[in-house]
Structure formats: structure tokens, C-alpha cells
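Here is the structure we will look at.
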Number of protein chains: 2
Amino acid sequence: MSVQSRVSRNIQRIRREKDLSQEEVAHRADIHQTYLSGVETGKRNPSILVVERIAKALGVDVSAIFKPN
Amino acid sequence: MSVQSRVSRNIQRIRREKDLSQEEVAHRADIHQTYLSGVETGKRNPSILVVERIAKALGVDVSAIFKPN
DNA sequence: TTGTGACTGCCAGTCCGTT
DNA sequence: AAACGGACTGGCAGTCACA
């Protein structure tokens with residue numbers, strides 16, 4: 001299990017739990033929807049600063065994004 | 001508390017607990033000692049793939065690197 | 001053994017459209 | 001609403017010589 005798939009699954013899971021769209025989260029995190037899509041599909045290798053922004057946009061602590069599944 | 005300082009503190013703490021040098025860890029993670037130094041001093045913004053490699057080099061799960069202090 | 005300043009190539013992140 | 005493709009570029013990831 002790579003970090004990428006772990007991160008992507010967690011982000012997508014949390015986002016759906018909170019019933020938010022990619023567009024909404026991307027907007028809050030000040031990144032593009034297409035990029036968030038790339039992250040959620042495990043195709044991008046985001047920096048920890050971007051991950052932090054996504055976590056904030058989701059209203060969770062960064063550590064939640066790295067929890068093993 | 002930014003991710004950067006959180007990550008840097010955790011890495012440094014774990015590395016010292018295991019009594020490893022930056023050079024040793026950097027070598028295992030296949031990155032430069034100078035770069036690891038930059039990460040540990042919170043000056044660099046590593047990608048999640050690099051953080052994963054550092055975690056492996058330290059013998060811990062990635063989530064350990066993101067634990068709040 | 002760790003940190004710094006200066007450098008450069010490349011990729012993280014953007015932006016367009018299309019499905 | 002989400003994924004994908006493709007083209008673009010600036011900033012910084014990663015390197016190096018040194019202290």
C-alpha cells in the first residue's frame with residue numbers, strides 16, 4: 001500500500017462522508033478541481049503543504065489523511 | 001503548528017530515538033543528507049513520496065511522521 | 001555530523017477543453 | 001459532478017561545495 005493510494009482513499013472517504021464535492025473542497029483549499037481529482041485517483045504526488053490545505057478544507061487534522069486503511 | 005514543523009519534529013525525534021545520523025537515514029531513503037537537514041529544520045516542502053521513503057528509512061509507518069505533538 | 005547559500009531541471013500545480 | 005488528456009510554466013525539490 002503506497003502513500004499515494006492511502007492518501008487518495010482517505011481524502012475521498014472523508015470528502016464523501018462530509019458530502020462535499022471536489023469543486024467545493026478544491027475551492028476551499030485553493031487548488032484546482034482537476035488537481036484534486038488527480039490526487040484522489042492516486043496519480044499525483046502532492047507536497048505536504050497542499051495536503052495540509054486539503055485537510056483544512058475537509059475540516060480534519062492532517063494525520064487523518066495518512067491513517068492506514 | 002504547520003505541517004512542516006510537525007513533520008520535522010517527528011522525523012528528528014524518531015531519528016534520534018533510533019540513534020541514527022542524518023547521513024544514515026538519507027542514504028537509506030536515497031536522498032541527500034543536506035535535503036534531509038532542510039526537511040528536519042522545516043525549510044523544505046517534501047512530497048508525500050519522499051516522506052514515505054524517509055518513514056521507511058526510519059522503520060516507522062508514514063502516519064507516525066504526521067502525528068501531532 | 002549537521003547546516004547553509006547558490007544553483008538548475010523538472011514536476012507540482014494550472015488551465016483549457018472534452019467525456 | 002468527476003475524470004481525463006494535453007500543454008504549459010514558475011517555483012521549488014534536489015544537488016553540490018563548503019563551513
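Here is the naming used below: chain letters follow the sequence lines, and residue numbers restart at 1 for every chain.
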*Taking it one step at a time, do Arg9(A) and Met1(A) satisfy side-chain contact (heavy atoms from CB on, under 4.5 Å)?*
CA-CA 11 Å; Arg9(A) 287 192 203 185; Met1(A) 263 295 284; 3.8 Å; yes

_Value in whole Å for how far the C1' atom of dT1(C) lies from NE2 of His32(B)_ = 17 Å

*For the residue pair Ser5(B) and Ser2(B), confirm or rule out a side-chain donor-acceptor distance under 3.5 Å.*
yes

*salt bridge (Lys or Arg N to Asp or Glu O under 4.0 Å) between Asp61(B) and Lys67(B), intermediate numbers included*: CA-CA 11 Å; Asp61(B) 188 80; Lys67(B) 284 230 178 74; over 6 Å; no

*Would you mind classifying the nucleic acid contact of Arg15(A) as base, sugar-phosphate or nothing, using non-hydrogen atoms under 4.0 angstrom?*
sugar-phosphate

*asked:* Just to be sure I understand the rule, does Asp30(A) reach a base, reach only the sugar-phosphate, or reach nothing, if contact means heavy atoms closer than 4.0 Å?
replied: sugar-phosphate

_Is any side-chain heavy atom of His27(A) closer than 4.5 Å to one of Glu23(A)?_
no

_How many whole angstroms separate atom CG of Leu20(B) from atom C1' of dT1(C)?_
13 Å

Might you list the N or O atoms of the protein lying below 3.5 Å from N or O atoms in nucleotides 17-19 of chain D, with each pair's distance?
none

_Closest nucleotide among dG14(D), dA3(D), dG13(C) to the Gln12(A) side chain_ = dA3(D)

*Side-chain contact test, heavy atoms from C-beta onward, threshold under 4.5 Å: evaluate it for Lys18(B) versus Leu58(B) and give yes or no.*
no

_Rounded to whole Å, please give me the gap between OH in Tyr35(B) and P in dT4(C)._
15 Å

*Would you check if there is a donor-acceptor pair between the side chains of Gln33(A) and Gln22(A) at a distance under 3.5 Å?*
yes

*Near-strand residues of residues 40-49 of chain A, defined as heavy-atom separation under 4.0 angstrom from DNA chain C*: Arg44(A), Asn45(A), Pro46(A), Ser47(A)

*Nearest heavy-atom neighbours spanning Val39(B) and Ser8(B)*: O-CB, 3.2 Å

*Rounded to whole angstroms, how far apart are CD on Gln22(B) and C1' on dG14(D)?*
15 Å

*Taking atom CG of Asn69(A) as the centre, report whether more than 12 heavy atoms of other residues, nucleotides or ligands fall under 6.0 Å from it.*
yes

*Figure out the CD1/P separation between Ile31(B) and dG3(C), and round it to whole Å.*
13 Å

*Of all the choices, dA3(D), dG3(C), dA1(D), which nucleotide is nearest to the side chain of Glu23(A) once you look at every atom?*
dA1(D)

*Heavy atoms only: give me the nearest Ser63(B)-Phe66(A) pair and the separation to one decimal.*
CB-O, 3.6 Å

*Under 4.0 Å between any heavy atoms, over every strand shown, what does Ser37(A) touch: base, sugar-phosphate, or nothing? Just pick one.*
base

*Non-hydrogen atoms of Asn45(A) and Ser47(B) that approach each other most closely*: ND2-OG, 3.1 Å

_Go through it in stages, so that I can follow the logic: the residues are Arg15(B) and Glu40(B), the test is salt bridge (Lys or Arg N to Asp or Glu O under 4.0 Å), and I'd like the CA-CA distance, side-chain angles, deciding distance and then a yes or no._
CA-CA 10 Å; Arg15(B) 183 175 63 78; Glu40(B) 283 196 8; 2.6 Å; yes

*Specify the angle, to 10°, made by the local axes at the two ends of the helix from dT2(C)-dA19(D) to dT19(C)-dA2(D) when five pairs are taken at each end.*
50°

